[in-house]
Peer 1: 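Quick one: structure below, then a few questions.
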There are 2 protein chains.
Amino acid sequence: MKRAKKQVFREFITAKGLRSTRQRDIILDAFLSADRHISIEELYRKLRAKNPGIGYATVYRTLKLFAESGIARETQFGDGQTRYEHVTAGEHHDHLVCTRCGTIVEFENETIEQLQADVARQHGFRIDTHKLELYGICAKCQR
Amino acid sequence: MKRAKKQVFREFITAKGLRSTRQRDIILDAFLSADRHISIEELYRKLRAKNPGIGYATVYRTLKLFAESGIARETQFGDGQTRYEHVTAGEHHDHLVCTRCGTIVEFENETIEQLQADVARQHGFRIDTHKLELYGICAKCQR
DNA sequence: CCTCTATTGAAAGTAATTTTCACTGTACAG
DNA sequence: CTGTACAGTGAAAATTACTTTCAATAGAGG
Ligand SMILES: [Mn+2]
Ligand SMILES: [Mn+2]
Ligand SMILES: [Zn+2]
Ligand SMILES: [Zn+2]
């Protein structure tokens, strides 16, 4: 899975005429072994522990590349920071977000997806993406 | 409807021990007669035409109060600017957003709402709010 | 090796929003 | 009606998250 994503990114790099660099390898490793919804700040701190030399701007730039290559997706959960999550080709999911502890749970619901498509059709829209997030308090925080 | 919202805001102001000011009245009038999904920048420009004295910070502060009082809702449609939309008590809707021309269409779908509640229940979440936005190209822009 | 450029880190720049602060104005007590 | 306390205001500075600039560096192919 990690291997597959590394492969996808490598091919993306090549196809685009970009270069494989030490920094990109390090950031990719850190990203793939990090939480599924990580902020740049968090990833940066994680990286710096082992690799002091790496610049903030490089992390920003590299995560954009991950998104472009299809191995990551940018998300905004309303806390002011962009998060990047792991994406596996052909998969899609939405999110439950705990506004107390920040826990993010992923879910898939084909019926909802279908109804969204219906709504779009009724209004003549051609949908490219959508965002469905349910915000509340998770089971643990309710206790 | 406008009258009702003005009343709601007036009561909110009183209940909170805040003060009714010329600026708040002007901003409220402008907001209520503006587009249903207006950015602060847009509202500010609209205001300034008739009321030069009003400060940027006051518009920001006042719109937050509108949201707190329940007559407005903050929304983020991914264009980098916060928009405030009119809210009528007891009503809820979601959005279709045209990524080409910026058109925003509102819709309600009780079945989707129900399924969302089911998903939350399955995961033990107590949901406070949710966000469902469908992004794509509107009928007009497709032509 | 060499050369052509893509890439990098640090610092400066942006854009949206928030905070600070000295002054002003509202509302209620007297 | 005042007088006052303190909420509210505008302008400017600050903050935050992110992006761009730029001089130096380093992949990749020849
Ligand atoms: Mn996810
Ligand atoms: Mn709306
Ligand atoms: Zn929680
Ligand atoms: Zn359109």
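Every chain is numbered from 1 and lettered A, B, ... according to where its sequence line falls, protein lines coming before strand lines.
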Peer 1: Could you state the atom-to-atom distance from CG of A:D25 to P of D:dA26 in whole Å?
Peer 2: 15 Å

Peer 1: Round to a whole Å and report the spacing from CD1 of A:I26 to C1' of D:dA26.
Peer 2: 14 Å

Peer 1: Classify the ring geometry between B:F107 and A:H123 as parallel (under 30°), tilted (30 to 60°) or perpendicular (over 60°).
Peer 2: tilted

Peer 1: So, is A:Y60 near the phosphate of D:dC18, with a side-chain N or O under 4.0 Å from OP1 or OP2?
Peer 2: yes

Peer 1: Taking the minimum atom-to-atom distance to the side chain of B:T58, which one of C:dT19, C:dT8, D:dT9 wins?
Peer 2: D:dT9

Peer 1: What orientation do B:F12 and B:F9 show, parallel under 30°, tilted 30 to 60°, or perpendicular over 60°?
Peer 2: parallel

Peer 1: Given A:T82, which of A:K64, A:Q76, A:E74 fulfils the side-chain hydrogen bond (donor to acceptor under 3.5 Å, both in side chains) condition?
Peer 2: A:Q76

Peer 1: Taking for each residue the nucleotide of DNA chain C with the nearest heavy atom, is it B:R83 or A:Y56 whose nucleotide lies nearer the 5' end?
Peer 2: A:Y56

Peer 1: Nearest-Å distance, OH (B:Y84) to P (C:dT17)?
Peer 2: 8 Å

Peer 1: How long is the line joining CD1 of A:I54 and P of C:dA10, in whole Å?
Peer 2: 11 Å

Peer 1: Quick one: label B:K64 by what it contacts on the DNA or RNA (base, sugar-phosphate, nothing), any heavy atom closer than 4.0 Å.
Peer 2: sugar-phosphate

Peer 1: Is any side-chain N or O of A:R22 closer than 4.0 Å to OP1 or OP2 of D:dA26?
Peer 2: no

Peer 1: Can you tell me how the ring of B:H37 sits relative to the ring of B:F77, calling it parallel under 30°, perpendicular over 60° and tilted otherwise?
Peer 2: perpendicular

Peer 1: So if I take every side-chain heavy atom of A:Q23 and compare against D:dT9, C:dG9, C:dT7, which nucleotide ends up nearest?
Peer 2: C:dG9

Peer 1: So which one's nearest nucleotide on DNA chain C is more toward 5', B:T82 or A:Y44?
Peer 2: A:Y44

Peer 1: If you look at every strand shown and take non-hydrogen atoms under 4.0 Å, does B:I40 touch a base, only sugar-phosphate, or nothing?
Peer 2: nothing

Peer 1: Rounded to whole Å, please give me the gap between CD in B:E68 and P in D:dG8.
Peer 2: 11 Å

Peer 1: Just by distance, with hydrogens left out, do B:Y44 and B:E42 show a side-chain donor and acceptor under 3.5 Å apart?
Peer 2: no

Peer 1: For nucleotides 21-25 of chain C, tabulate all protein N/O to nucleotide N/O atom pairs closer than 3.5 Å, reporting atom names and distance.
Peer 2:
{"from": "C:dG25", "atom 1": "N2", "to": "B:R19", "atom 2": "NH1", "distance (Å)": "2.3"}

Peer 1: Which nucleotide, D:dA28, D:dT9, C:dA10, lies nearest any side-chain atom of B:R24?
Peer 2: D:dT9

Peer 1: For a quick test of reading the model: is some side-chain N or O of A:Q81 closer than 4.0 Å to OP1 or OP2 of D:dC18?
Peer 2: no

Peer 1: Could you check if a side-chain atom of B:K5 sits within less than 4.5 angstrom of a side-chain atom of B:H86, using non-hydrogen atoms only?
Peer 2: yes

Peer 1: Whole-Å distance between D:dC18 C1' and A:E74 CD?
Peer 2: 11 Å

Peer 1: For a side-chain contact (heavy atoms from CB on, under 4.5 Å) check, start with the C-alpha distance between B:E85 and B:I38, then their side-chain angles and the critical distance, and finish with the verdict.
Peer 2: CA-CA 6 Å; B:E85 68 172 326; B:I38 195 166; over 6 Å; no

Peer 1: Report yes if the side chains of B:K46 and B:R48 come closer than 4.5 Å at any heavy-atom pair, otherwise no.
Peer 2: no

Peer 1: Could you tell me whether A:E41 contacts a base, only the sugar-phosphate backbone, or nothing, with contacts defined as non-hydrogen atoms closer than 4.0 Å?
Peer 2: nothing

Peer 1: What is the separation between atom NZ on B:K16 and atom P on D:dC6, rounded to the nearest whole Å?
Peer 2: 19 Å

Peer 1: Output the single nucleotide from D:dG8, C:dT19, C:dT8 whose closest atom is nearest the side chain of B:L18.
Peer 2: D:dG8

Peer 1: To the nearest Å, give me how far apart CD1 (B:I13) and P (D:dA7) are.
Peer 2: 13 Å

